[in-house]
2 protein chains.
Amino acid sequence: MAYNIPVEATLDVIGGKWKVVILCHLIKGEKRTNEFKKLMPRITQKMLTQQLRELEADGVVKRKVFEQVPPKVIYSLTDYGWSLKPILDNMCSWGESHIEINGEEVVS
Amino acid sequence: MAYNIPVEATLDVIGGKWKVVILCHLIKGEKRTNEFKKLMPRITQKMLTQQLRELEADGVVKRKVFEQVPPKVIYSLTDYGWSLKPILDNMCSWGESHIEINGEEVVS
DNA sequence: CAGTATCCCGAGGGATACTG
DNA sequence: CAGTATCCCTCGGGATACTG
C-alpha cells in the first residue's frame, strides 16, 4: 500500500535479507530445511524459518509437511513464485559474470 | 569474497535498502539530489547520500559536481550500472503487474 | 529433523543542527 | 542546494535452550 514506485512492491516480496538466495536455490529444485542450512552456512535457524514464513505468506513459496517421525518438510515455489524466475535468473547470471566465486562451503 | 552462491555478489551491489529504487529512477534519466528527495519522500538525507556513495563506490553510479553557487550535483548510471538494466526492468515490471500503485506523492 | 521461545546486543538508520 | 556531523534509539537478528 502507498508505494511511490511500483518496484517497491517487488522489494516487499523479495527484499528480505535472505529471500533472493532462498528463491535462487528453490529454482533449482525443492529443498528440505536441512538442505537450506547446508547451502547457506551463515543463516541462522531463526532467520531461515522467518524468511520462509514470509515468502509463504506472500504466496511465492509452498510448504509441504510430511506427518511422520522424524518430521520432514519440503519447500518449493508456487506458480506465483515461478513468475519471479526471470528476475532471479538475471540476478544469478549477473553475479556469475561479475564476480569470481569461492566454493569453500559447498557441502553435499 | 567468499560467496556461497554467485547471486550474493549481485546483492552486494543492489541489496541496500534503497538501492534498487534509486537505480530504477536513474534508468529513466539522470537525477539531481533534490529530484531524488521528491521521488522518494520517505528517504532521509542521510540514507540518500549513503546509498548513493555506496553505489558510486561499486562503480554503478556516476557523480558529477558542478562547481558553482548554489551547488549542483547530477547522478547518472555508469556503463557498468547499465549492465543492471535487465534486472531492474524485470523488477519494475513485476511490481507493476502484481500491485496497484498509489500515486499520492508524485510531486513535480 | 523442524521449529519455537527468550534473551540481548549492536548497528542501522531517524531526527536535528550545522557548513560550504 | 548538497552534504556532513551528532545524538540517540529502535529492532533486526544472533546465540542459546527447549519441544513435538
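Values below: all heavy atoms of this structure, side chains included; hydrogens, waters and symmetry mates excluded. It should be emphasised that the depicted structure is a prediction, and the values quoted were computed from it without experimental measurement. Letters A, B, ... mirror the listed sequences (proteins, then strands); counts begin at 1.
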Among dG14(C), dA15(D), dA2(C), the nucleotide that comes nearest once only the side chain of Thr33(A) is considered: dA2(C)

Whole-Å distance separating the CD1 atom of Ile74(B) from the P atom of dC1(D): 15 Å

Within-4.5 Å side-chain heavy-atom neighbours: Phe36(B) and Leu26(B): yes

Residues Leu48(B), Ile22(B); criterion side-chain contact (heavy atoms from CB on, under 4.5 Å); working and verdict: CA-CA 9 Å; Leu48(B) 177 58; Ile22(B) 288 172; 4.2 Å; yes

Joint hydrophobic cluster, Val61(B) plus Val65(B), side-chain heavy atoms closer than 4.5 Å: yes

Shortest side-chain distance from Asn34(A), nucleotide among dG3(D), dC1(D), dA2(C): dA2(C)

Donor-acceptor contact present, side-chain Gln51(A) to main-chain Trp18(A), <3.5 Å: yes

Members of residues 23-31 of chain A that approach DNA chain C, where some heavy atom sits under 4.0 Å away: none

Minimum side-chain heavy-atom gap Met91(A)-Ile14(B) below 4.5 Å: yes

Distance in angstrom units between Met40(A) CE and dG14(D) P, rounded: 12 Å

Spacing between Phe36(B) atom CZ and dG3(D) atom P, to the nearest angstrom: 10 Å

Ring pair (Phe, Tyr, Trp, His ring centres under 6.0 Å) involving Trp94(B) - partner list, sequence neighbours excluded: Tyr80(A), His98(B)

Touch class at under 4.0 angstrom, heavy-atom based, for Tyr75(A) against every strand present: sugar-phosphate

Beyond-backbone contact of Glu8(A) with Val21(B), side-chain heavy atoms, under 4.5 angstrom: yes

5'-most by nearest nucleotide on DNA chain D - Ile43(A) or Arg32(B): Arg32(B)

Nearest-0.5 Å distance that lies between atom CE in Met47(A) and atom NZ in Lys19(A): 9.0 Å

Axis bend over the full length of the helix from dC1(C)-dG20(D) to dG20(C)-dC1(D), computed from five pairs that close each end, to 10 degrees: 50°

Transitive ILVMFWY cluster of Ile74(A), excluding itself - 4.5 Å side-chain cut-off: Phe66(A)

Any Leu39(B) side-chain heavy atom under 4.5 Å of Lys31(B) side chain: yes

Check: Leu77(A) and Leu23(A) side chains under 4.5 Å, non-hydrogen atoms: yes

Approximate separation, where rounding is to 0.5 Å, of Ser93(B) OG and Leu88(B) CG: 10.5 Å

Heavy-atom side-chain contact between Leu52(A) and Arg63(A) under 4.5 Å: no

Within residues 47-63 of chain B, residues whose heavy atoms come under 4.0 Å of DNA chain C: Met47(B)

Distance, rounded to the nearest Å, where Glu35(A) contributes CD and dC1(C) contributes P: 12 Å

Interface residues of residues 64-73 of chain B with DNA chain D (non-hydrogen, below 4.0 angstrom): Pro70(B), Pro71(B), Val73(B)

Side-chain (Thr78(B)) to main-chain (Lys62(B)) donor-acceptor, under 3.5 angstrom: no

5' priority, DNA chain D, between Lys17(A) and Gln45(A) [closest heavy atom]: Lys17(A)

Protein-nucleotide distance (Arg42(B), atom CZ; dA15(C), atom C1'), rounded to Å: 17 Å

